[in-house]
Amino acid sequence: MFIEFKTEVEHVLKEALEKASYEYKELELAESDHADISSRVAFALAGNYKKSPKSIAEEIVKHIALPTDETLISSAAAAGPYINFYVNDLYLHKTLLRIKEGTNSTDEKKKGKIIIEHTSANPDGPLHIGHLRNAIIGDGLARVLKRAGYDVETQYYVNDMGRQIAVVVWGAERITIATNKKPDHAVVDVYIAANRMVEEKEGYLSEIKALMGNYESGDEAVVKKYETVVNKSLSGIKESLKRLNIQHDRFVFESKFVREGAVEAVVKELLQKGNVKRDGAALLLQLEGIEKELVIRRTDGTLLYTTRDLAYHRWKSSRCDRMIDVFGKDHELVSQQLTKALELMDVRAPEFVIFAFVSLPTGSVSTRAGRYISADELMEKIEERAYEEVDKRRNDLDGDMKREIARKVGIGALRYDMVKVSPEKHIVFVFEDALDIEKKGAPFVQYSHARACSILRAAAERGFLLEEYKYSELLPREESEKELIMKLAKFGYVVEGAALELKLHLVAKYARELAEMFNVFYKYCPVLNADDNLRKERLYLVDCTKTVLHNVLDVLGIEAPEEM
RNA sequence: GGGCCCGUGGCUUAGCAUGGAUAAAGCACCGGCCUUCUAAGCCGGGGAUCGCGGGUUCGAAUCCCGCCGGGUCCGCCA
């Protein structure tokens with residue numbers, strides 16, 4: 001509802017500025033602690049008109065005319081150089097009505113199709129904490145954009161023909177893949193061992209190269225072996241993702257583009273349109289503004305990841321209006337090269353969300369060296385930790401119920417933690433800190449939701465039903481009620497902003513603030529023991545809050561337990 | 001060495017793109033609140049020369065220049 005209020009303020013302010021005959025560029029509207037919305041336009045005008053911002057603000061306010069009916073604005077006032085606007089009761093009322101109707105968010109609009117690629121971890125082993133950050137950011141963005149009205153498709157790009165798969169295939173012929181382990185963990189054991197062997201004995205490297213050549217030329221037996229390894233890893237990875245509440249709409253295999261000839265087509269086109277140097281059979285693409293040339297074909301004639309990625313992006317581009325790639329910081333140069341190369345091919349470049357790495361106190365993460373913490377291990381431990389907390393508080397529940405709550409709380413805490421910080425911030429992962437279920441993180445929000453559910457349950461038991469109520473009946477008696485509604489009204493606005501800027505931590509922050517408002521309301525406004533009319537009204541408010549808490553958690557991919 | 005990113009109370013961060021009303025939160029710390037709907041809660045308190053130095057501006061955490069510290073990339077790996 002805040003969006004509608006802002007739109008009305010824009011309209012009213014524009015009219016006033018015209019009436020006062022000021023030429024302006026921007027309305028300079030912003031949220032403020034001092035008002036429901038505030039304009040700084042007087043500052044901008046002061047220079048041109050050689051008047052003090054204060055007098056300009058006062059003059060503009062004199063020209064403000066509020067509509068007589070259906071307005072959401074109660075008043076406008078100058079506060080020094082600022083022009084402040086305030087909402088009225090109708091605004092509060094409509095906010096709740098909208099939530100009830102389910103139109104509080106903007107999900108009815110269609111804004112176009114977005115393909116968002118995330119996770120895309122190599123199928124050479126299980127996901128580790130670095131991939132976790134990628135997956136959680138990617139899935140969160142997808143959810144925000146969906147909620148903001150876009151048609152979103154998530155894709156996992158599977159590097160099913162890189163060298164690391166060749167290493168595993170080679171290794172599997174010497175070491176048996178364990179069958180009593182989660183498949184991705186069984187694969188990585190072989191990968192690590194094989195890498196060690198290759199490092200120790202030089203001759204092995206040529207065997208792996210031969211394997212890659214055979215795969216690219218389509219040797220059926222080799223292709224089968226590759227597929228077995230890739231599918232094994234992938235099934236384990238999917239399991240981990242599912243546990244995180246993440247599901248990709250589509251898995252795209254890079255080999256697809258090789259087989260269909262799309263990669264060859266890219267090479268041909270770049271030869272034609274780009275500045276390509278030849279070094280034997282190798283092809284080096286010189287890109288404008290980037291010192292490092294992009295190798296698109298090796299001396300031995302095999303292709304590289306980036307070349308195949310170009311074909312993938314061309315294909316993606318033709319299927320959507322916007323592309324978003326969630327990449328780790330190590331892919332930054334690649335992302336620039338990708339952008340330039342796609343430009344040459346007249347293909348729209350994707351938008352990149354680059355996140356800084358998660359490192360361990362002992363140094364950076366490396367799957368090859370076996371130096372990582374797997375996502376599975378982390379999830380296991382955090383759920384255990386959450387279980388201890390639930391167990392401490394809820395002796396009355398049976399084990400299954402407690403485990404179910406612990407699962408939601410543990411995974412929720414993990415997801416919230418990953419998302420509350422800007423992606424460009426480097427994270428040093430300390431296990432004990434991650435397990436320390438932070439008070440104002442996901443559990444805090446989930447707890448508020450559980451409290452709302454608890455009130456509604458108790459109300460139903462006593463036979464208090466939710467009823468429709470009329471505008472005149474909405475009379476917030478307490479400041480905390482009003483503030484809660486004000487916060488509820490901003491859900492759509494926050495989602496819109498987060499979608500626009502691709503910033504998930506805005507949603508995380510909003511979730512925490514909303515939970516906090518509800519907790520204050522909970523403290524000061526008894527619901528079940530209030531007078532009839534007040535109870536109806538508050539019950540209605542609790543129900544609305546529950547809905548929005550549930551929705552905001554959903555945007556973060558976090559489940560909302562009914563009790564905890 | 002070059003490119004990009006980060007540097008805000010003891011710790012972790014928001015704000016920075018588009019400069020404006022007392023620099024905003026969480027953790028930790030100190031002190032209160034369970035006879036009313038779940039205390040994973042609520043209320044109060046202390047604590048920041050916004051890395052350093054210059055500049056632009058009526059006004060700088062925010063913009064510009066320089067420096068310092070940390071990260072990351074600079075593979076015919078992915």
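So that the names make sense, note that chain A is the first sequence line, chain B the second, and so on, each numbered from 1.
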Worksheet item: Do A/I237 and A/Y156 touch side chain to side chain, with heavy atoms closer than 4.5 Å?
Response: yes
Give the rounded distance in Å between these two atoms: [atom1] of [X] and [atom2] of [N].
X	N	atom1	atom2	result
A/K329	B/G71	NZ	P	13 Å
A/D433	B/C11	CG	P	14 Å
A/E332	B/C73	CD	P	11 Å
A/R133	B/G71	CZ	P	16 Å
A/Q337	B/C73	CD	C1'	10 Å
A/F357	B/C6	CZ	C1'	16 Å
A/E31	B/A24	CD	C1'	13 Å
A/Q336	B/C5	CD	C1'	12 Å

Response to the item:
The side-chain hydrogen bond (donor to acceptor under 3.5 Å, both in side chains) partners of A/E227 (sequence neighbours excluded) come to none
Worksheet item: Is it true that the side chains of A/D325 and A/H331 contain a donor and an acceptor less than 3.5 Å apart?
Response: no
Whole-Å [atom1] distance, [N] and [M]:
N	M	atom1	result
B/A40	B/C27	C1'	15 Å
B/G44	B/C5	C1'	40 Å
B/G53	B/C33	C1'	50 Å
B/C50	B/G15	C1'	10 Å
B/G10	B/U62	C1'	26 Å
B/A61	B/G9	P	14 Å
B/C67	B/A24	P	33 Å
B/U38	B/G45	C1'	28 Å

Fill in: Minimal non-hydrogen separation, A/P123 against A/N159, with atom names
CD-O, 3.4 Å
Item to complete: Mind listing the closest non-hydrogen atom pair of A/L504 and A/I136 along with its distance?
Response: CD1-O, 4.3 Å
Practice prompt. Look at atom CG of A/D531 and say whether more than 12 heavy atoms of other residues, nucleotides or ligands are closer to it than 6.0 Å.
Written response: no
Using distance only, find each side-chain donor-acceptor pair of residues 39-48 of chain A under 3.5 Å and give its atom names and separation, not counting sequence neighbours.
unit_1: A/S39; atom_1: OG; unit_2: A/L27; atom_2: O; d: 2.7
unit_1: A/S39; atom_1: OG; unit_2: A/V41; atom_2: N; d: 3.1

Mind listing the N/O atom pairs, protein and nucleotides 76-78 of chain B, below 3.5 Å?
unit_1: B/C76; atom_1: OP2; unit_2: A/K292; atom_2: NZ; d: 3.3
unit_1: B/C76; atom_1: O3'; unit_2: A/R298; atom_2: NE; d: 3.3
unit_1: B/C76; atom_1: O2; unit_2: A/T299; atom_2: N; d: 2.6
unit_1: B/C76; atom_1: O2; unit_2: A/T299; atom_2: OG1; d: 3.1
unit_1: B/C76; atom_1: N3; unit_2: A/T299; atom_2: OG1; d: 2.3
unit_1: B/C76; atom_1: N4; unit_2: A/D279; atom_2: OD2; d: 2.8
unit_1: B/C76; atom_1: N4; unit_2: A/T299; atom_2: OG1; d: 3.4
unit_1: B/C77; atom_1: OP2; unit_2: A/R298; atom_2: NE; d: 2.6
unit_1: B/C77; atom_1: OP2; unit_2: A/R298; atom_2: NH2; d: 2.8
unit_1: B/C77; atom_1: O3'; unit_2: A/R298; atom_2: NH2; d: 3.4
unit_1: B/A78; atom_1: OP1; unit_2: A/R298; atom_2: NH2; d: 3.1
unit_1: B/A78; atom_1: OP2; unit_2: A/Y305; atom_2: N; d: 3.2
unit_1: B/A78; atom_1: O3'; unit_2: A/N159; atom_2: OD1; d: 2.9
unit_1: B/A78; atom_1: O2'; unit_2: A/N122; atom_2: OD1; d: 2.7
unit_1: B/A78; atom_1: O2'; unit_2: A/N122; atom_2: ND2; d: 2.8

Taking only residues two or more places apart in sequence, or in another chain, which ones meet [X] in a salt bridge (Lys or Arg N to Asp or Glu O under 4.0 Å)?
X	answer
A/D124	none
A/K509	A/E513
A/D330	none
A/D309	none

Response to the item:
Across all chains, not counting sequence neighbours, the side chain to side chain contact (heavy atoms under 4.5 Å, CB included) partners of A/K503 are A/E501, A/H505, A/L506
Discussion item. Using the rule given for side-chain contact (heavy atoms from CB on, under 4.5 Å), can you reason through A/S454 versus A/R457, listing the C-alpha separation, both sets of side-chain angles and the distance that settles it, and then say yes or no?
Written reply: CA-CA 5 Å; A/S454 166; A/R457 264 197 311 270; 3.7 Å; yes
Worksheet item: Between which residue ranges does RNA chain B form stems of three or more consecutive Watson-Crick or G-U wobble pairs, both distances under 3.5 Å?
Response: B:1-7 with B:68-74, B:10-13 with B:24-27, B:29-33 with B:41-45, B:51-55 with B:63-67
Discussion item. How would you summarise protein contacts on nucleotides 36-47 of chain B per nucleotide, using B for base, S for sugar-phosphate only and - for none, with heavy-atom distances below 4.0 Å?
Written reply: BBBSBBSS----
Worksheet, complete the sentence: Reading nucleotides 15-23 of chain B from 5' to 3' and marking B where a protein heavy atom lies under 4.0 Å of the base, S where only the sugar-phosphate is that close, and - otherwise, the string is S-B--BBB-
Fill in: Stepwise salt bridge (Lys or Arg N to Asp or Glu O under 4.0 Å) test for A/E199 and A/R196
CA-CA 5 Å; A/E199 268 165 35; A/R196 211 169 289 143; over 6 Å; no
Worksheet item: Do any pairs count as a salt bridge (charged side-chain N to carboxylate O under 4.0 Å, His left out) and have a residue in residues 415-430 of chain A, sequence neighbours left out, and if so which ones?
Response: A/D139-A/R415, A/D417-A/K420, A/K420-A/E438
Worksheet item: Where does B/C74 fall, syn or anti, if syn means a chi angle no more than 90° from 0?
Response: anti
